[in-house]
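Here the structure is a predicted model, which is why all the values come from computation and not from measurement. Any value given below was found using the heavy atoms of this structure, including those in side chains, with hydrogens, waters and symmetry copies removed.
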Amino acid sequence: MHVTDAAESPLRVALHELRGKLEIPDHFPPTAQAEAESAARAPRIPAADGAVATEHTLEDATDLPLFTLDPPGTLDLDQAMFLSRRPAPPGPKAGGGYRVHYAIADVASFVTPGGALDAEAHHRVATLYFPDERVPLHPYVLSEGAASLLPDRDRPAVLWQLDLDADGALTGTSVRRALVRSRAGLDYAGVQRVLDDRTAEEPLALLREIGQLREEREVARGAISLNVPEQEIVEHDGCYTLGYRAPLPSYAWNAQISLLTGIAAAELMLASGTGILRTLPTAPDGSVARLRLTARALGVDWPHHTSYAALIRTLDPRRATHAAFLQECTALLRGAGYTVFDGTAPAASEALHAAVAAPYAHATAPLRRLVDRYTSELCLAASAGAAPPDWVRAALPALPREMELGTQRANQVERACVDLVEAALLRDRVGEIFEALVVDIQEQDPTHGTVHLYDPAVIGTVETAPEGPALPLGHRIPVRLTEAEPGHHPVRFTPA
């Protein structure tokens, strides 16, 4: 099912009104745009001694046959990788392990600290995604041009070298600036095909091998890895539809490389005494207890001796009740924030990201997320045994609050856009009956809750009549659509 042409116009109007309501900028200030265009022509690459280098004086690493892996059509390419085996060491131990070269877009070479473009990036904080357009953190001349790791283009980059042993454990980390050149822009579906039919050449075939080893280490740490089918908006020929997307294995293996880099970044910064971590407290016992009740209501078998982290790895996101439970599991991942330190590293409990089960930092998406630019500079300094740049230190205290507000706005945009598309899909079907699964009910008022429709992929609120019966959590029920008006009323249902 998709939004028809008749519904397209009110949806576009509603999206335009949403951007106005949320005060989303529709252009870059002229001074910021001018800075971006100038930097695109002549990037000012920070040198180790505080001077400014050029692409001609950078270490040349263009011999590395890097590749990018992103959704089709992506132009703001933050990361490129090259994977290889390391020779076996002398002695009886078999296997030499692996080497991961991971290039990250060097945004600091294009954004002058304290300039107009820097100020605008701190105002925007993150790239925002709407069904009909993208509102970038940096002007397109940089984010989809001079700073993006596009294939067959020489680009300044922050180049990570991550050495792993034969079991996938991190044994060595170094970070430096270098000139790189991606050889290919790949997508998840295409990579999955060649990995499945065993025709991938070794650098790409190693993505599965390393990814699976890192997943095994993730399990051993007790980390939480939610394979949640995401409700997503899909555009095709100017129309929009909703679906649930379960990530391909290639997506998960690629994410393991990014996660590995974030863990390595956290270790570097903690060792140096200055940094900014992405942290998440351990979920309180009460939240886990409530989730056990939800599991029981949804018919999800959760043996008493099985941990939450172990349970979710046994679930099948293609089963409706399991998918609904996985959606509810995200409640335990709330409360994430950023922890800054300068001079003294935080205690282990304060440095932990509970879902990662290790210290972790955002490090791999500087074109789309503000904090990653600062992580790159802190890690470059730590790897070189040097003090971080003054402009980085000066910005650290304000970054957690800036990122919090930016993340809230991004989440608000995502939810509001889904609400709009849901309403546009169903606006002509008010009064119809749909099959739905009750996935949540309010503790204080069990006549109010949330349902997932089986078709289309819509999540909406449901409520019974005043003084009516409690909603049957975990049960499949027919519901009647009572409201759906883009920009005015999100979808609402009552039991039929």
State, with a plain yes or no, whether a side-chain heavy atom of [X] is found less than 4.5 Å away from one of [Y].
{"X": "L380", "Y": "R177", "value": "yes"}
{"X": "L150", "Y": "L77", "value": "yes"}
{"X": "R134", "Y": "Y140", "value": "yes"}
{"X": "H27", "Y": "Q33", "value": "no"}
{"X": "L117", "Y": "T112", "value": "no"}
{"X": "L207", "Y": "I257", "value": "yes"}
{"X": "M269", "Y": "F341", "value": "yes"}
{"X": "E120", "Y": "H138", "value": "no"}

Practice problem: Apply side-chain contact (heavy atoms from CB on, under 4.5 Å) to the pair L137 and S143, showing each step before the final yes or no. | Solution: CA-CA 8 Å; L137 175 60; S143 62; over 6 Å; no
Without hydrogens or angle criteria, can the side chains of [X] and [Y] be said to hold a donor-acceptor pair below 3.5 Å?
{"X": "R99", "Y": "S84", "value": "no"}
{"X": "T364", "Y": "S258", "value": "yes"}
{"X": "T339", "Y": "T279", "value": "yes"}

Please find the pair of heavy atoms, one from [X] and one from [Y], that lie closest to each other, and give the distance.
{"X": "A351", "Y": "L277", "result": "CB-CD1, 3.6 Å"}
{"X": "L270", "Y": "A345", "result": "O-CB, 3.8 Å"}
{"X": "L69", "Y": "S250", "result": "CD2-O, 4.2 Å"}
{"X": "A423", "Y": "H489", "result": "CB-O, 3.9 Å"}
{"X": "L75", "Y": "S148", "result": "O-OG, 2.5 Å"}
{"X": "L352", "Y": "A357", "result": "CD1-C, 3.6 Å"}

Calculate, to the nearest 0.5 Å, the distance between atoms [atom1] and [atom2] belonging to [X] and [Y] respectively.
{"X": "L420", "Y": "H488", "atom1": "CG", "atom2": "NE2", "result": "10.0 Å"}
{"X": "D76", "Y": "R368", "atom1": "CG", "atom2": "CZ", "result": "5.0 Å"}
{"X": "E209", "Y": "L195", "atom1": "CD", "atom2": "CG", "result": "11.0 Å"}
{"X": "M403", "Y": "I276", "atom1": "CE", "atom2": "CD1", "result": "7.5 Å"}
{"X": "L164", "Y": "R85", "atom1": "CG", "atom2": "CZ", "result": "12.0 Å"}
{"X": "Q412", "Y": "L128", "atom1": "CD", "atom2": "CG", "result": "10.0 Å"}

Self-check item: Verdict with supporting geometry, R176 and E59, salt bridge (Lys or Arg N to Asp or Glu O under 4.0 Å)
Solution: CA-CA 9 Å; R176 65 194 189 276; E59 174 191 338; 2.9 Å; yes
Quiz item: Under the 6.0 Å and 45° cation-pi test, does R86 pair with Y98?
Solution: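 Here R86 fails the 6.0 Å and 45° test against Y98.
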Exercise. Tell me whether the guanidinium CZ or amine NZ of R124 lies under 6.0 angstrom from the six-membered ring centre of F28 and within 45° of its axis.
Key: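 Judged by the rule (NZ or CZ under 6.0 Å from the ring centre, within 45° of its axis), R124 counts as positioned above F28.
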Compute the centroid of each ring, for [X] and then for [Y], and state whether the two points are separated by less than 6.0 Å.
{"X": "Y188", "Y": "W253", "result": "no"}
{"X": "Y338", "Y": "H362", "result": "yes"}
{"X": "Y374", "Y": "H122", "result": "yes"}

Quiz prompt | Whether S383 side chain and V175 backbone form a donor-acceptor pair below 3.5 Å | solution = yes
Quiz item: Quick check: does any side chain N or O of R214 sit under 3.5 Å from a backbone N or O of G168, one acting as donor and the other as acceptor?
Solution: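 Present.
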Strictly below 4.0 Å, N to O, side chains only: are [X] and [Y] in salt-bridge contact?
{"X": "D26", "Y": "R19", "value": "no"}
{"X": "R313", "Y": "E218", "value": "yes"}
{"X": "R278", "Y": "D372", "value": "no"}
{"X": "E414", "Y": "R409", "value": "no"}

Self-check item: For V191, the option from L186, L248, N254 that meets side chain to side chain contact (heavy atoms under 4.5 Å, CB included)
Solution: L186
Practice problem: Among D78, V371, T375, find the residue that satisfies the side chain to side chain contact (heavy atoms under 4.5 Å, CB included) test when tested with P366. | Solution: D78
Exercise. Step by step, work out the side-chain contact (heavy atoms from CB on, under 4.5 Å) result for T127 and Y129.
Key: CA-CA 7 Å; T127 295; Y129 297 89; 3.6 Å; yes
Quiz prompt | Residue E201 excluded, over 12 heavy atoms near CD under 6.0 Å | solution = no
Quiz prompt | CG/D390: more than 12 non-hydrogen atoms of other groups inside 6.0 Å | solution = no
Quiz item: Can D60 and R181 be said to form a salt bridge (Lys or Arg N to Asp or Glu O under 4.0 Å), step by step?
Solution: CA-CA 10 Å; D60 190 343; R181 186 178 182 89; over 6 Å; no
Quiz prompt | Residue pair T171, D165: steps toward the side-chain hydrogen bond (donor to acceptor under 3.5 Å, both in side chains) verdict | solution = CA-CA 6 Å; T171 60; D165 67 15; over 6 Å; no
Practice problem: I would like to know whether D187 and D70 meet side-chain contact (heavy atoms from CB on, under 4.5 Å); could you show each step before the answer? | Solution: CA-CA 5 Å; D187 65 81; D70 292 272; over 6 Å; no
Quiz item: Which is it for E215 and V219 under the side-chain contact (heavy atoms from CB on, under 4.5 Å) test, yes or no, and what are the steps along the way?
Solution: CA-CA 6 Å; E215 286 176 337; V219 171; 5.7 Å; no
Quiz item: So R12 and E17, salt bridge (Lys or Arg N to Asp or Glu O under 4.0 Å) or not? Walk me through it.
Solution: CA-CA 9 Å; R12 290 190 180 278; E17 291 175 349; over 6 Å; no
